[in-house]
Amino acid sequence: AAAEPLCPVCGAAAERRLLEETVKRQLLDKLRLPERPSPGQHLPRAALNRALRRLQEGGTRTAPGDLERGYEIISFAETEPTSPSALGLQFQFSRTQDQDVHILQAQLWLYLRLPRDLVAALTLRIFLASGEGGLVGGNRTLLSERRLRAKGSGWRAFSLMPALQSFFEGQHGTLRLELESGGDGGDLVAFLNASRSQQPFLVAKAKVREPGHQVAKR
Amino acid sequence: SLRCSQNSNLCCRKDYYVDFRDIGWNDWIIKPEGYQINYCVGQCPLHVAGSPGMASSFHTAVFNLVKANNVHASGHSCCVPTRRRPLSVLYFDRNSNIVKTDIPDMIVDACGCS
């Protein structure tokens with residue numbers, strides 16, 4: 001400011017620039033982001049609002065003085081049909097190495113259109129795929145198996161706990177799930193509407209212990 | 001605490017609101033629309049040291065110490081935040097996931113002299 005010519009407007013402009021830079025730096029530091037994100041995929045508003053409504057159901061408020069911070073995350077899947085009765089879902093996560101993440105809840109939301117005249121039962125299995133073979137060749141852990149009875153279209157939630165905790169404790173990066181339909185109820189890919197506005201998504205609630213908040217061992 | 005005004009240079013809280021559209025960050029921060037970056041500014045001559053602190057007894061204690069130790073009168077204490085609140089943020093992270101979290105102690109609600 002001293003370098004600025006002595007005029008009220010210049011001083012105010014200098015203060016404004018300084019404060020805007022401070023806001024940017026504070027937010028990136030506190031959100032632990034190296035730089036501002038540039039969101040790629042444009043989400044249909046309907047998909048965003050629906051997912052946010054799932055988030056409203058009970059939050060993880062951070063109490064003052066809490067050593068762990070509450071996070072709620074919504075991640076939209078990239079879908080990859082691997083056969084008529086199997087579909088791959090991929091989710092991208094990134095976190096800084098020194099954060100200690102504790103998953104409280106994790107649910108996968110799918111929009112299924114089961115024909116009303118579906119006679120046979122349909123079984124849906126959800127696997128966690130890991131290893132380099134991706135969705136086809138790697139090894140798989142069964143996360144959830146359910147016989148779908150209710151006919152008609154609608155959103156259904158499937159819990160992914162406790163396996164998702166192990167994903168976050170181990171590597172991070174790409175979470176690969178594989179959905180597989182069983183029984184003679186027909187093929188999953190035909191029932192699962194993965195259009196843009198009904199894209200499968202994952203809702204997770206977590207507590208993160210920031211570095212430097214390790215409780216001193218007594 | 002005092003909100004800053006023209007006719008006082010005592011320790012006070014200066015309110016400042018930055019709209020995320022003005023800094024081009026509204027494309028990745030979904031909520032809120034902006035951030036109240038208040039800050040503390042102003043003088044803290046000794047006779048107000050420790051006020052409006054956490055409790056009036058704090059001011060009395062500080063003032064007694066000053067007198068008892070005959071601290072040089074021109075000394076000053078510092079104008080600092082005495083109460084802050086969290087900022088709840090909903091934003092897109094670098095993988096286009098939607099993240100909601102509360103950042104503690106982000107908004108200065110009150111200022112006082114240390």
Side-chain angles (χ1 to χ4, degrees), chain A residues 15-24 26-43 47-48 51-52 55-56 59-67 69-76 78 91-95 172-175 201-208 210, chain B residues 3-6 9 12-42 54 79-111:
Chain A
E15 182 194 37
R16 173 164 204 76
R17 274 197 307 276
L18 176 71
L19 285 167
E20 286 179 352
E21 285 316 307
T22 306
V23 166
K24 291 180 179 179
Q26 262 189 8
L27 279 169
L28 293 180
D29 285 352
K30 300 278 185 164
L31 295 176
R32 299 172 65 73
L33 295 171
E35 74 269 334
R36 57 145 288 171
S38 300
Q41 57 169 344
H42 174 71
L43 273 176
L48 183 62
L52 289 177
L55 208 56
Q56 302 302 333
T60 54
R61 304 298 292 185
T62 307
D66 198 344
L67 293 183
R69 211 155 106 191
Y71 281 83
E72 296 161 67
I73 299 171
I74 300 171
S75 187
F76 287 89
E78 291 156 27
F91 302 89
Q92 299 299 334
F93 294 101
S94 48
R95 62 184 174 87
H172 59 288
T174 303
L175 170 71
F201 63 92
L202 183 151
V203 179
K205 295 184 175 25
K207 285 272 189 186
V208 176
E210 300 294 337
Chain B
R3 280 186 57 177
C4 294
S5 65
Q6 302 302 330
N9 66 352
C12 59
R13 187 195 78 209
K14 184 148 191 188
D15 291 354
Y16 208 97
Y17 181 77
V18 174
D19 190 312
F20 291 135
R21 270 171 307 194
D22 295 346
I23 58 176
W25 278 22
N26 56 312
D27 62 331
W28 70 276
I29 298 180
I30 305 167
K31 287 285 179 196
E33 281 80 20
Y35 166 36
Q36 193 73 37
I37 179 167
N38 306 335
Y39 60 95
C40 301
V41 66
M54 287 35 106
C79 183
V80 294
T82 52
R83 195 175 62 248
R84 292 183 286 189
R85 60 190 150 92
L87 174 71
S88 194
V89 188
L90 185 70
Y91 64 95
F92 284 107
D93 72 2
R94 51 193 136 151
N95 300 305
S96 294
N97 297 326
I98 300 167
V99 182
K100 180 179 169 202
T101 188
D102 294 341
I103 307 175
D105 298 335
M106 267 300 260
I107 300 172
V108 173
D109 253 352
C111 301

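Numbered from 1 within each chain, the chains take letters A, B, ... in sequence-line order.
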Interatomic distance, B:Asn95 atom CG to A:Thr174 atom OG1 [nearest 0.5 angstrom]: 8.5 Å

By a 4.5 Å heavy-atom criterion (distance strictly below it), what part of B:Lys31 contacts chain A: side chain, backbone, both, or neither? neither

Taking every heavy-atom pair that is under 4.5 Å apart, which of A:Lys24, A:Glu35, A:Gln92 has the most such pairs with chain B? A:Lys24

Walk me through it: do A:Leu52 and B:Leu90 pass the test side-chain contact (heavy atoms from CB on, under 4.5 Å)? CA-CA 10 Å; A:Leu52 289 177; B:Leu90 185 70; 3.7 Å; yes

Do you know which two heavy atoms are closest between A:Pro39 and B:Trp28, and how far apart they sit? CD-CB, 3.7 Å

Of all the heavy-atom pairs spanning A:Lys30 and B:Pro104, show the shortest one and how long it is. NZ-O, 4.2 Å

Counting heavy-atom pairs under 4.5 Å with chain A, which one of B:Asp22, B:Asp27, B:Asp93 comes out on top? B:Asp27

So, do B:Val99 and A:Leu31 sit near enough that their side-chain heavy atoms are less than 4.5 Å apart? no

Is it the case that A:Glu15 and B:Tyr16 place a side-chain donor and acceptor less than 3.5 Å from each other? no

If you measure from CG on B:Asp102 to CD on A:Glu72, what distance do you get to the nearest 0.5 Å? 8.0 Å

B:Val18 portion near chain A, given a 4.5 angstrom heavy-atom threshold: side chain

Under the side-chain contact (heavy atoms from CB on, under 4.5 Å) criterion, do B:Asn97 and A:Phe91 qualify, and how do the steps go? CA-CA 9 Å; B:Asn97 297 326; A:Phe91 302 89; 5.9 Å; no

Let me know if A:Ser75 has heavy atoms under 4.5 Å from chain B in its side chain, its backbone, both or neither. both

Check each atom of A:Leu33 against the heavy atoms of chain B and say whether the ones under 4.5 Å are side chain, backbone, both or neither. side chain

How close do A:Thr22 and B:Ile37 get, counting heavy atoms only, and between which atoms? CG2-CD1, 3.7 Å

List the atom of A:Phe76, the atom of B:Ile98, and the distance in Å for their closest heavy-atom pair. CE1-CD1, 3.9 Å

Rounded to the nearest 0.5 Å, what separation is found between the CD1 atom of A:Ile74 and the CZ atom of B:Phe92? 9.0 Å

Is there a side-chain contact (heavy atoms from CB on, under 4.5 Å) between A:Arg69 and B:Ile103 once you walk through the steps? CA-CA 8 Å; A:Arg69 211 155 106 191; B:Ile103 307 175; 3.8 Å; yes

Would you mind telling me which of B:Trp25, B:Tyr35, B:Tyr91 has the largest number of heavy-atom pairs within less than 4.5 Å of chain A? B:Trp25

